[in-house]
Amino acid sequence: MAKQEWRGGNMLNPVPAIMVSVCRPGEKPNIITLAWAGTICSDPPMLSISVRKERYSYDILTETGEFAVNLVNRDLVYAADYCGVKSGRDVDKFADMKLTPVALPHIGASGIEESPLIMECRVKQRIPLGSHDMFLADIIGVTVDEKYMDENGKFHLNDTGLVAYSHGTYFALGEQLGTFGYSVRKK
């Protein structure tokens, strides 16, 4: 098998496509679409997002210290792309994409009503890295869409139609290949 060696570059794919909503008090809410995001800790629950300093939402993030992560499903992929290429300096992304801002109990930023799952986050640390600053944040609240709940109160995240981003392309998650620990489970 032939292989080529390239210089270092970020090729860790796929990654989650997320819509991050932010808001300064007294201003309209904004949405930035990100793919540089990830889970960093279970206890306490924490995640990270990385944002370029020149993005409109960057200053809002640094000033307010809070944001909402809205998971993207099939129904939101068009809006997610739009919110990633248009600037909140120039447009109202909620209005343009006919998205509904929803008040959240723990932070001033609005969530996106149409998202199947919203995580309320408070910035714990900002780490300058180069092209992006990484925001490490505590997840202080989670809001889920009840239509994905069963009669026993279980939330079915994998039924929401989540989307991943890989090398400039959006993909719907699909076929289940296994479950955690299936490789060592007794048959």
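What you see is a predicted model; the values in this text were computed from it and never measured.
- Residues Met46 and Ile139 have side chains not in contact (no heavy-atom distance under 4.5 Å, counting atoms from C-beta outward).
- Put simply, the side chain of Asp150 gets close to the backbone of Asn152: a donor and an acceptor are under 3.5 Å apart.
- Nearest heavy atom pair, residue Met19 against residue Cys83, reads CE-SG, 3.9 Å.
- The two residues Val69 and Cys121 have their closest heavy-atom pair at CG2-SG, 4.2 Å.
- Here the closest heavy-atom approach between residue Ser50 and residue Leu34 is recorded as O-CD2, 3.8 Å.
- Of the possible polar contacts, none joining the Asp59 side chain to the Leu61 backbone as a donor-acceptor pair under 3.5 Å is found.
- Between the side chain of Lys124 and the main chain of Ala137, no donor-acceptor pair closer than 3.5 Å is present.
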Stepwise side-chain contact (heavy atoms from CB on, under 4.5 Å) check, Val20 with Ile49 | CA-CA 9 Å; Val20 172; Ile49 61 171; 4.3 Å; yes
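- Side-chain contact check for Arg74 and Tyr170: no donor-acceptor pair (N or O, by modelled atom type) lies under 3.5 Å.
- Considering only heavy atoms from C-beta on, Leu177 comes within 4.5 Å of Glu175 through its side chain.
- Residue-environment remark: CZ (Phe171) exceeds the threshold of 12 foreign heavy atoms within 6.0 Å.
- Atom OH of residue Tyr56 and atom CZ of residue Arg89 lie 8.0 Å apart, to the nearest 0.5 angstrom.
- Here the CZ atom belonging to Arg122 is positioned 9.0 Å from the NE2 atom belonging to His106, to the nearest 0.5 angstrom.
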Would Thr160 and Asp145 satisfy side-chain contact (heavy atoms from CB on, under 4.5 Å), going step by step from the backbone distance to the final call?
-> CA-CA 9 Å; Thr160 65; Asp145 189 329; over 6 Å; no
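- Follow the hydrophobic side-chain contacts under 4.5 Å out from Ile107 and you never reach Val123; the two are in separate clusters.
- Here the side chain of Asn73 pairs no donor or acceptor atom with the backbone of Leu162 at under 3.5 angstrom.
- In this structure, the separation between CD1 on Ile127 and NE2 on His132 is 14.5 Å, given to the nearest 0.5 Å.
- No side-chain heavy atom of Leu99 sits under 4.5 Å from any side-chain heavy atom of Glu113.
- Nearest heavy atoms, Leu76 versus Ser115: CD1-CA, 3.6 Å.
- When each of Glu63, Lys53, Arg126 is paired with Tyr58, the side-chain hydrogen bond (donor to acceptor under 3.5 Å, both in side chains) condition holds for Arg126 and for no other.
- Rounded to the nearest 0.5 Å, atoms CG (Asp138) and CG (Leu47) are 9.0 Å apart.
- Note that the SG atom of Cys23 and the CD1 atom of Ile60 stand 7.0 Å from one another [nearest 0.5 Å].
- Within the 4.5 Å cutoff, the side chain of Ile112 has no heavy atoms near those of the Val102 side chain.
- A donor-acceptor pair under 3.5 Å links the side-chain atoms of Lys28 to the main chain of Gly88, judged by distance alone.
- Looking at Ser48 and Phe135, their side chains never come closer than 4.5 Å, going by heavy atoms from C-beta outward.
- A chain of hydrophobic side-chain contacts below 4.5 Å, direct or via other Ile, Leu, Val, Met, Phe, Trp or Tyr residues, connects Ile18 to Leu117.
- In this model, a donor atom of one side chain and an acceptor atom of the other lie less than 3.5 Å apart for Asn70 and Ser21.
- A continuous path of ILVMFWY side-chain contacts below 4.5 Å connects Tyr78 to Val91, so both sit in one hydrophobic cluster.
- Using a 4.5 Å heavy-atom threshold, the side chains of Val142 and Ile118 count as separate.
- No side-chain donor-acceptor contact under 3.5 Å links Lys86 to the backbone of Lys93.
- The minimum heavy-atom distance between Asn13 and His167, with the atom names listed, is OD1-N, 3.3 Å.
- In this structure, Glu27 places its CD atom where more than 12 heavy-atom neighbours from other residues, nucleotides or ligands lie under 6.0 Å away.
- For the pair Val77 and Tyr165, the minimum side-chain heavy-atom distance is 4.5 Å or more.
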CA sep, side-chain torsions, deciding dist, call: Val51, Trp36, side-chain contact (heavy atoms from CB on, under 4.5 Å) | CA-CA 8 Å; Val51 181; Trp36 299 151; over 6 Å; no
Just do the side-chain contact (heavy atoms from CB on, under 4.5 Å) check on Met119 and Leu71 with the steps written out, would you?
-> CA-CA 8 Å; Met119 290 176 277; Leu71 296 189; 4.2 Å; yes
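- Glu120 CD to Phe67 CZ: the interatomic distance, rounded to the nearest 0.5 Å, is 11.5 Å.
- When every heavy atom of Pro29 is checked against every heavy atom of Phe94, the shortest pair comes out as CB-CE1, 3.6 Å.
- If you chain together hydrophobic residues whose side chains sit under 4.5 Å apart, Leu173 and Phe155 fall into the same group.
- Side chain to side chain, Arg55 and Ser87 fail the donor-acceptor criterion of an N or O pair below 3.5 Å.
- Side-chain N/O atoms of Asn30 and Ser57 include a donor and acceptor closer than 3.5 Å.
- At a threshold of 4.5 Å between non-hydrogen side-chain atoms, the residues Met134 and Pro128 do not count as touching.
- Put simply, Leu136 and Leu129 are part of the same group of oily side chains (I, L, V, M, F, W, Y) that touch within less than 4.5 Å, one to the next.
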